Visitor: 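One structure is given below, represented as structure tokens, and several questions about it will come after.
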Amino acid sequence: MANQPSSYPILCASFNQDNSCFAIGTREGFKIFYCNTGRLLYERAAGAFIIVEMLFSSSLLAIVGAGEQPSLSPRRLCLFNTVTGVALEELNFLTSILAVRMNKQRLIVILQEKTFVYDINSLKILDTIDTVPNPKGLCAFSPSLDGSFLALPASKTKGSLLVYNVSDLRLHCEIDAHRSPLAVLSLSSGGTHIATASEQGTMIRVHLVSDATKSYSFRRGSYSSNIYSLSFAPAAELPDILLATSSSGSVHVFSLGSPPNQRSSGLLGSIKVPHTINDALDPAQHCILHRAVPAGVRSNTSIRKIDKFDESATPEHVVLRATISMITYGGYLLEYRYNVNHQNKSSWTLEREFNLLTAETSSLP
């Protein structure tokens, strides 16, 4: 989602489709980093950018300016080649571009009341979708060509969404997820599941995309909070965990299914008792890392990697380990290691932290 210029030093932050790299946009330009080592791969000082999207690890970027310079209109999408340093193509629109998504087949451009679907190779418009007013550019897009789904809000007054199959260019389903308007949407990497949160921010829900049925309801907390990001663990089918970040500064991890060494019980340590019978449906459990970032600082998070072990394979009897990268709009990258042992007890370790704004190629690990 594009962020209007604000007091944050980072204007936008996004991971690429396989979580191997991430890009940030600032008032000075944009930078690309390699997730595994934190190495700065590319930077360009060219003005303020509110959208910087990668196509996997290729040299193609989709970039949109913040409008602070005449040449960087928020109504112009530039497809930029990082190898040659030149624009391959520019697409101009009547209103501001709020979000851009790509996979190896499609280019998606989100405006406030329209969404355009392009063939990414020919840049031919394949479909134009009229939408309800969507001023935040809410959307979710799966990078998988086998499950190439696009999700968009379907209502201004409640939390319903439309899921489109952009390979076949047809509406797949409509899902009524929340009573309040939507705040965040996220599709799993394989396009099999979609997670949603409303503006109220107390409930996280997961639906199966194939038949639009609800699989999980999670209570994040009793008090309202702005959900900044939802991230599934990488998986072709059902991911192991779902992660949420919020304006409270906490990170929430929810188990999907059951642990690898115990198929009859939940993954994490303590069950969160739901407040209503309707939400008392799921065996999944809930773990919280408090004060992961300062409260109120926007963040974008990715579960980059999941490792599973036999109970005896590690000294700590770890059966599941997640590598989690968090970009704060205050200008930092945090990498956490999240472990679950054979007794389903979880622990967090901050592996590294560094400043993205001052980083140079030679200064990063």
Side-chain angles (χ1 to χ4, degrees), residues 1-16 22-33 42-55 59-82 84-102 107-118 120 123 125 128-141 150 152-153 156 182-185 226 228-229 247 296-300 327-332 356-358:
M1 180 172 60
N3 297 281
Q4 299 304 316
S6 68
S7 59
Y8 291 127
I10 290 183
L11 303 181
C12 65
S14 63
F15 292 89
N16 69 348
F22 65 90
I24 63 170
T26 70
R27 284 184 171 78
E28 288 72 42
F30 56 87
K31 297 181 179 184
I32 298 172
F33 296 86
Y42 184 87
E43 63 178 323
R44 187 174 182 88
F49 289 88
I50 54 170
I51 294 176
V52 183
E53 293 286 334
M54 302 180 66
L55 179 62
S59 60
L60 178 66
L61 293 182
I63 55 178
V64 177
E68 295 184 358
Q69 292 87 4
S71 61
L72 297 177
S73 168
R75 299 187 298 276
R76 180 182 301 125
L77 170 63
C78 175
L79 298 178
F80 183 81
N81 188 320
T82 57
T84 62
V86 299
L88 300 173
E89 191 71 51
E90 290 186 345
L91 301 175
N92 293 285
F93 299 88
L94 296 177
T95 60
S96 294
I97 301 163
L98 301 176
V100 176
R101 298 290 184 269
M102 295 185 287
L107 167 68
I108 310 295
V109 181
I110 310 291
L111 309 185
Q112 180 160 321
E113 296 185 355
K114 287 186 182 294
T115 294
F116 296 94
V117 180
Y118 291 84
I120 199 168
L123 294 184
I125 295 180
T128 301
I129 303 170
D130 293 318
T131 65
V132 298
N134 184 15
K136 296 181 180 179
L138 296 180
C139 64
F141 187 48
L150 169 68
L152 298 167
K156 295 188 299 180
L182 294 169
V184 183
L185 308 172
N226 295 323
Y228 288 148
S229 68
S247 55
V297 175
R298 187 175 181 83
S299 60
N300 192 5
I327 305 167
T328 77
Y329 281 53
Y332 287 86
L356 297 172
L357 302 175
T358 60

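In this text, all values refer to a predicted model and were calculated from it rather than measured experimentally.
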Visitor: Using side-chain heavy atoms (C-beta onward) and a distance below 4.5 Å, is R298 in contact with T328?
Guide: no
Visitor: Looking at CD1 of I10 and CG of L357, how far apart are the two atoms once the value is rounded to the nearest 0.5 Å?
Guide: 5.0 Å
Visitor: Taking the side chain as every heavy atom from C-beta outward, state whether L72 and F49 have any atom pair closer than 4.5 Å.
Guide: yes
Visitor: So N134 and T115, side chain to side chain contact (heavy atoms under 4.5 Å, CB included) or not? Walk me through it.
Guide: CA-CA 10 Å; N134 184 15; T115 294; 5.8 Å; no
Visitor: Search all heavy atoms of M54 against all heavy atoms of N16 and return the closest pair with its distance.
Guide: CB-CB, 3.9 Å
Visitor: Could you check whether any side-chain heavy atom of I110 comes within less than 4.5 Å of a side-chain heavy atom of L152, counting everything from C-beta outward?
Guide: yes
Visitor: For I24 versus A13, what's the shortest heavy-atom pair and its separation?
Guide: CG2-CB, 4.2 Å
Visitor: Dump the intermediate steps for side chain to side chain contact (heavy atoms under 4.5 Å, CB included) on V117 and I108, then the final yes or no.
Guide: CA-CA 5 Å; V117 180; I108 310 295; 3.9 Å; yes
Visitor: Is there a side chain to side chain contact (heavy atoms under 4.5 Å, CB included) between L111 and I97 once you walk through the steps?
Guide: CA-CA 5 Å; L111 309 185; I97 301 163; 4.0 Å; yes
Visitor: How close do P74 and A66 get, counting heavy atoms only, and between which atoms?
Guide: CD-C, 4.4 Å
Visitor: Report the C-alpha distance between L91 and F116 in whole Å, list the side-chain angles of each, state the deciding distance to 0.1 Å, and finish with yes or no for side chain to side chain contact (heavy atoms under 4.5 Å, CB included).
Guide: CA-CA 11 Å; L91 301 175; F116 296 94; over 6 Å; no
Visitor: Please examine the side chains of R44 and F80, heavy atoms only from C-beta on, and report whether any two atoms are closer than 4.5 Å.
Guide: yes
Visitor: Calculate, to the nearest 0.5 Å, the distance between atoms CD1 and CD1 belonging to I63 and I51 respectively.
Guide: 10.5 Å
Visitor: Testing the basics here: between P9 and G331, what is the closest heavy-atom pair and its distance to 0.1 Å?
Guide: CG-N, 4.3 Å
Visitor: Tell me whether S14 contacts the main-chain N or O of V52 through its side chain, where contact means a donor paired with an acceptor under 3.5 Å.
Guide: yes
Visitor: Calculate, to the nearest 0.5 Å, the distance between atoms CD1 and CG belonging to I50 and L11 respectively.
Guide: 8.0 Å
Visitor: Verify the neighbour count for atom CZ of R76: are there more than 12 heavy atoms of other residues, nucleotides or ligands below 6.0 Å?
Guide: yes
Visitor: I need the minimum non-hydrogen distance between Q69 and A48, along with the two atoms involved.
Guide: OE1-N, 3.4 Å
Visitor: For the CG atom of L182 and the SG atom of C139, what is their distance to the nearest 0.5 Å?
Guide: 12.0 Å
Visitor: I need the I32 CD1 to T82 OG1 distance, nearest 0.5 Å.
Guide: 5.5 Å
Visitor: I need the L107 CG to R101 CZ distance, nearest 0.5 Å.
Guide: 11.5 Å
Visitor: Would Y329 and Y228 satisfy ring-ring contact (aromatic ring centres under 6.0 Å, His included), going step by step from the backbone distance to the final call?
Guide: CA-CA 11 Å; Y329 281 53; Y228 288 148; 8.1 Å; no
Visitor: Angle class for the F22/F33 ring planes (parallel below 30°, perpendicular above 60°, tilted otherwise)?
Guide: parallel
Visitor: What pair of heavy atoms forms the shortest contact from V132 to K156, and how long is it?
Guide: CB-CG, 4.3 Å
Visitor: Examine distances only and state if a side-chain atom of K114 and a backbone atom of V109 form a donor-acceptor pair shorter than 3.5 Å.
Guide: no
Visitor: Do the non-hydrogen side-chain atoms of L123 and E89 ever get within less than 4.5 Å of each other?
Guide: yes
